[in-house]
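Remember, predicted model here, so these are calculated numbers, not experimental data. FYI, the numbering just counts along the sequence from 1. Basis for what follows: all heavy atoms, side chains included, without hydrogens, waters or symmetry-related copies.
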Amino acid sequence: MQGRNTVEEILCLSAQQGYTVFYRNREESKLLSDIVIAHSTSIAMIRTWIYVLIMDTIYKTNKHLDQNVLAKLTEMVKDKEVAQRFVNGSWHKLINEIDETEYRRELEVLKTRWQSRPDFLHYLFSTWLNPFAYKFCRVWICQVMHFGVEITNRAENEHSVLKLWLSTCHGDLDTVFLNIDFLIKDQIAEIKTSLEISKLKEKYAAKSNAILANISNKISHLVLKMIWLEIKKAHEIVENPENKCLHYLRKSHSLPCACELVVRCQYLLPLQLKDVYIFLEKTRNWC
């Protein structure tokens, strides 16, 4: 390290590899408080897709919420099997419901089934449902634009990949930094390759479908699939007006939902690129 301390060595290695570095000191002590190191291509991608930034936050996620509910009910009824059936059944059905009417109905069913245990109902409502339902129940999550990012698995998976590249929790700073650098460059190469492949493939008979023809090969296959499925729902609404649109795709992805596509399906009106939210375009140049 040629006489440099750890922080100075990180700054030196970052400069050598062309990373952008930002850091702040605490005014009262001049000690380092924050440091951000970013690859230039990562910055370009964030500037292109600025709407969702995934962070690995492990507390108050549904996984840990389930564990808390399971532990509390097991403690109360002294039967882990009963508690597990509740969590996997009624509880998951309630928190994953996206129709508000059905959510309210499931809520009443839960109250009725557990009316003999007011202590447990008090725990559920006072600890979770009343103060935090809007943060983890899908009926409320679906009301905001999140582009399908409802869990932290992607961030957690990235941490797992990083651990594999590092191989060990011990190692000199130079080796650790270079391993992380290799990982980042490898992932950037994978993203570029996947984007190029997606430009060459046609899915869901997009060019032969009058509604999708104008946006074929201009949006990602994932978005094309979501619109394709909404078109199928639109046909179902036309065939049976009792089928209803929950507007999920419009609210969560800013994409046309089934009720908006009904007229297009009836008159074969093609979608235009402007009908697709700009975040979801795949052709923007960040390379």
Side-chain angles (χ1 to χ4, degrees), residues 38-55 98-99 138-151 153-155 157-158 184 187-241 243-287:
H39 191 278
S40 57
T41 304
S42 298
I43 295 173
M45 285 192 286
I46 287 177
R47 286 174 174 167
T48 300
W49 297 297
I50 60 175
Y51 301 94
V52 177
L53 183 63
I54 304 174
M55 301 180 68
I98 63 174
D99 185 303
R138 292 199 71 217
V139 68
W140 308 123
I141 293 173
C142 291
Q143 302 299 317
V144 299
M145 190 161 54
H146 54 64
F147 303 108
V149 182
E150 301 178 22
I151 56 179
N153 284 5
R154 293 186 190 180
N157 289 341
E158 292 304 315
I184 292 172
Q187 290 178 329
I188 289 172
E190 288 181 5
I191 293 171
K192 289 181 178 180
T193 300
S194 68
L195 288 176
E196 290 304 316
I197 291 174
S198 70
K199 292 177 184 178
L200 302 175
K201 290 184 178 180
E202 180 187 331
K203 285 195 174 185
Y204 313 107
K207 288 186 178 178
S208 61
N209 185 295
I211 300 173
L212 298 176
N214 288 349
I215 58 175
S216 173
N217 289 327
K218 295 179 181 177
I219 62 175
S220 72
H221 288 166
L222 176 62
V223 178
L224 202 62
K225 179 180 179 180
M226 288 190 285
I227 298 175
W228 175 265
L229 293 175
E230 265 337 87
I231 290 174
K232 292 177 67 177
K233 291 179 184 177
H235 284 298
E236 293 171 0
I237 292 175
V238 172
E239 294 171 1
N240 184 3
N243 292 322
K244 61 180 179 179
C245 176
L246 299 177
H247 318 299
Y248 170 74
L249 207 61
R250 169 56 63 193
K251 292 176 181 177
S252 63
H253 292 72
S254 196
L255 288 172
C257 55
C259 61
E260 299 174 43
L261 293 167
V262 167
V263 174
R264 291 184 183 274
C265 290
Q266 290 176 322
Y267 297 98
L268 299 181
L269 302 174
L271 285 166
Q272 306 299 326
L273 196 57
K274 64 181 177 61
D275 298 316
V276 180
Y277 197 70
I278 195 169
F279 170 77
L280 299 165
E281 291 181 30
K282 76 175 185 183
T283 54
R284 299 185 70 185
N285 183 19
W286 50 266
C287 302

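A pairwise comparison of heavy atoms in Cys245 and Cys259 identifies SG-N, 3.6 Å as the closest pair. Taking each heavy atom of Ile215 and Ile227 in turn, the nearest pair found is CD1-CD1, 4.0 Å. Between Leu249 and Glu230, the shortest heavy-atom distance links the atoms CD2-CG, 3.3 Å. In terms of heavy atoms, Cys265 sits closest to Ala234 at SG-CB, 3.8 Å.
One finds the CG atom of Leu229 at 10.0 Å from the CG atom of Leu224 (value rounded to the nearest 0.5 Å). Note: Arg47 CZ to Ser42 OG = 12.0 Å, rounded to the nearest 0.5 Å. With rounding to the nearest 0.5 Å, the separation of OG1 in Thr41 from CD1 in Ile184 is 10.0 Å. The CD1 atom of Ile211 lies 13.0 Å from the OH atom of Tyr267; values are rounded to the nearest 0.5 Å.
When the side chain to side chain contact (heavy atoms under 4.5 Å, CB included) test is applied to Val139, the partners found at least two apart in sequence or on another chain are Glu100, Tyr103, Cys137. Applying the salt bridge (Lys or Arg N to Asp or Glu O under 4.0 Å) rule to Lys244 yields the partners Asp99; only residues at least two apart in sequence or on another chain are considered. The side chain to side chain contact (heavy atoms under 4.5 Å, CB included) check on Gln272 picks up Asn214, Pro270, Lys274, Asp275, with sequence neighbours excluded. Residues satisfying the side chain to side chain contact (heavy atoms under 4.5 Å, CB included) test with Ile98, not counting sequence neighbours, are Arg138, Cys142, Leu246.
Pairs of residues two or more places apart, or lying in two chains, that qualify as salt bridge (charged side-chain N to carboxylate O under 4.0 Å, His left out) and include a residue from residues 245-255 are Arg250-Glu260.
In this structure the side chain of Ile231 reaches within 4.5 angstrom of the side chain of Leu212, judged on heavy atoms.
A salt bridge is defined here as a Lys NZ or Arg NE, NH1 or NH2 lying under 4.0 Å from an Asp or Glu carboxylate O, and Glu236 with Lys233 fails to meet this definition.
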